[in-house]
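To start, the structure under review is shown below, and the notes come after it.
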Amino acid sequence: MASLRSDLIKDRGLFEKVAAELNSRTHFVLTCHVRPDGDAIGSMLGLGHALGERGKDVIIYSEDAVPKNLEFLPGTGDIEHKLPETIGDDVVLCILDCGEPGRIGSKSEQLVEQASRIIVLDHHLDNGAFANEEKALAYIDQDFFATGALVMLLLEHLKWPVTKPIATCLYSAIITDTGAFRHSNTTAAAFEMASALVEAGADPYVISNHLYQSYPERRIHLLGLVLRTLEVFDHGRVAVLQATPEMFRITGAVPEDTEDFVGFARSIDTVEVAVFVREVHAGHVTVSLRSKEFVNVARIAKAFGGGGHFHAAGFTTTGNTAEVRDAILKELGKLYGEL
Ligand code: AMP
Ligand code: MN
Ligand code: MN
């Protein structure tokens with residue numbers, strides 16, 4: 001059987017250019033999107049280990065902290081959360097799981113300006129942010145189920161060994177972004193690559209326990225409060241959950257404790273669109289959107305200045321949770337009518 005994974009590369013020329021840069025250059029800064037998830041951290045560390053093993057000089061930078069349940073990933077202790085004034089000459093900036101500079105965080109301008117070369121590896125809706133950036137090679141393909149998969153293909157192409165730490169990071173990236181093989185992006189290639197990563201040393205049971213069975217108690221207390229806010233609209237096709245500053249205060253929970261709460265709204269049988277609106281600090285709202293079939297939630301997120309994928313998107317805005325919920329319902333009605 002031909003390798004399912006090699007079929008994933010649509011733009012061979014660009015892919016080979018990226019691989020050649022990784023191979024020939026010596027100084028790298030790796031970064032990912034703010035509020036990093038398993039794909040962001042996993043793909044960044046996976047590539048970081050591989051470059052490090054080739055003797056290259058690598059800084060791994062994430063503005064935000066690593067979520068607790070990802071701390072087990074090998075290398076998280078080496079992630080920098082503060083950037084030096086200058087990153088040095090002739091540095092390649094690799095941006096993983098993020099296609100727009102703004103989503104790197106507050107240091108995005110400095111990084112983009114100081115890098116002599118930029119490599120973007122991503123699978124979000126491409127808004128062309130790097131299209132006119134001469135020093136950028138942007139490999140962005142929405143058909144990839146995880147950025148970690150793109151990293152794995154690059155390592156295979158370069159014939160760089162996939163060691164156990166690399167396999168652990170990339171397997172976690174794939175598990176995170178396919179929702180443990182439940183999302184619509186789960187393909188035969190996803191299983192094939194996960195299988196190869198297990199052969200290379202990733203331990204599925206250990207990783208799943210870290211990812212899904214290692215939450216702090218406060219998360220479950222917060223979940224109890226959030227679930228009580230459930231509202232359904234459009235004959236049960238839209239479900240909304242909310243978290244207020246008060247709930248965070250009572251439970252002592254932090255933003256990362258709400259990871260995948262939107263999944264509870266999505267899990268209702270009639271639901272097509274699931275919305276989770278959380279206000280951690282008064283007036284600052286972060287929204288997670290999910291859909292099951294035909295609603296392109298990235299379009300809705302885009303209307304509010306955010307982005308994402310067809311079935312999973314998000315944005316950040318100002319207001320309180322009720323106002324933001326109403327605005328989303330209005331936008332949904334505008335784009336799709338009554339569901
Ligand atoms: P989340 O609900 O935070 O898990 O995000 C779902 C998807 O939407 C992820 O693929 C994110 O990368 C994307 N996303 C979330 N927030 C934003 C944002 N403010 N801007 C662009 N994309 C976002
Ligand atoms: Mn991500
Ligand atoms: Mn991703």
Side-chain angles (χ1 to χ4, degrees), residues 30-47 62-64 66-67 69-70 73 95-106 108 120-129 139-152 169-180 183-186 190 193 211 226 240-243 255-266 273-278 280 284-291 295-318 324 328:
L30 272 45
T31 194
C32 63
H33 62 74
V34 286
R35 295 199 297 119
D37 51 27
D39 187 32
I41 299 287
S43 58
M44 182 171 73
L45 287 177
L47 181 59
S62 158
E63 179 160 307
D64 290 338
V66 176
N69 64 340
L70 297 176
L73 288 174
I95 306 172
L96 292 121
D97 200 35
C98 174
E100 8 175 339
R103 289 249 300 148
I104 299 170
S106 62
S108 61
V120 181
L121 303 175
D122 189 35
H123 65 138
H124 292 90
L125 188 67
D126 186 4
N127 67 4
Y139 202 105
I140 303 176
D141 182 353
Q142 274 196 88
D143 288 343
F144 265 88
F145 40 89
T147 301
L150 186 49
V151 171
M152 181 178 174
C169 291
L170 299 183
Y171 182 87
S172 301
I174 292 175
I175 289 292
T176 300
D177 269 23
T178 60
H183 296 338
S184 60
N185 59 2
T186 306
M193 292 172 79
L211 292 180
V226 168
V240 182
L241 289 171
Q242 300 180 36
E256 73 177 57
D257 294 328
T258 63
E259 168 91 38
D260 213 30
F261 276 13
V262 68
F264 290 95
R266 191 181 186 272
V273 179
V275 181
F276 174 52
V277 184
R278 62 177 196 184
V280 184
H284 293 274
V285 174
T286 303
V287 175
S288 292
L289 299 165
R290 301 289 185 271
S291 70
V295 172
N296 183 354
V297 286
R299 268 182 83 193
I300 298 168
K302 226 173 156 207
F304 294 92
H309 314 270
F310 196 103
H311 291 127
F315 65 90
T316 302
T317 187
T318 51
V324 174
I328 294 165

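The structure displayed is predicted, hence computed values, not measured ones. Along the sequence shown, residues are numbered consecutively beginning with 1. In listed order, ligands and their atoms are each counted from 1.
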Is there any N or O on S288 that sits under 3.5 Å from an N or O of ligand 1? yes

Return yes or no for this condition: an N or O of G306 is under 3.5 Å from an N or O of ligand 1. no

[Y] versus [X], side-chain donor and acceptor atoms under 3.5 Å:
{"X": "H311", "Y": "S184", "value": "yes"}
{"X": "H309", "Y": "H124", "value": "yes"}
{"X": "H123", "Y": "D39", "value": "yes"}

For the Mn ion (ligand 2), what is the closest N, O or S atom on D37? OD2

Determine which of the N, O or S atoms in H33 is closest to the Mn ion (ligand 2) and give its atom name. NE2

Any side-chain heavy-atom pair from [X] and [Y] closer than 4.5 angstrom?
{"X": "C32", "Y": "C98", "value": "no"}
{"X": "I95", "Y": "L121", "value": "no"}
{"X": "H183", "Y": "F145", "value": "no"}
{"X": "T31", "Y": "L96", "value": "no"}
{"X": "T316", "Y": "V287", "value": "no"}

Looking only at protein heavy atoms, which one is nearest to [atom], and how far off is it?
{"atom": "atom 9 (C) of ligand 1", "result": "H124 NE2, 4.0 Å"}
{"atom": "atom 13 (C) of ligand 1", "result": "G307 O, 3.5 Å"}
{"atom": "atom 19 (N) of ligand 1", "result": "F315 CA, 3.6 Å"}
{"atom": "atom 18 (C) of ligand 1", "result": "G314 O, 3.5 Å"}

Proximity winner for atom 11 (C) of ligand 1, if only heavy atoms of R290, H33, R103 are counted: R103

Do any N or O atoms from the side chain of E63 and from the backbone of S106 form a donor-acceptor pair under 3.5 angstrom? yes

Which of the numbered atoms in ligand 1 are under 4.0 angstrom from any heavy atom belonging to [X]?
{"X": "A313", "value": "2 (O), 6 (C), 7 (C), 8 (O)"}
{"X": "H309", "value": "10 (O)"}
{"X": "G308", "value": "8 (O), 13 (C), 22 (N)"}

Of all the atoms in D177, is at least one N, O or S atom closer to the Mn ion (ligand 3) than 2.8 Å? yes

Which atom of D97 is nearest the Mn ion (ligand 3), counting N, O or S only? It is OD1

Quick look: R35 vs ligand 1, heavy-atom contacts under 4.0 Å, and the answer is side chain

Might you work through the side chain to side chain contact (heavy atoms under 4.5 Å, CB included) test for D141 and D122, ending with a clear yes or no? CA-CA 7 Å; D141 182 353; D122 189 35; over 6 Å; no

Before moving on, can you tell me the angle at the Mn ion (ligand 3) between the OD2 atom of D39 and the NE2 atom of H123, to the nearest 10 degrees? 100°

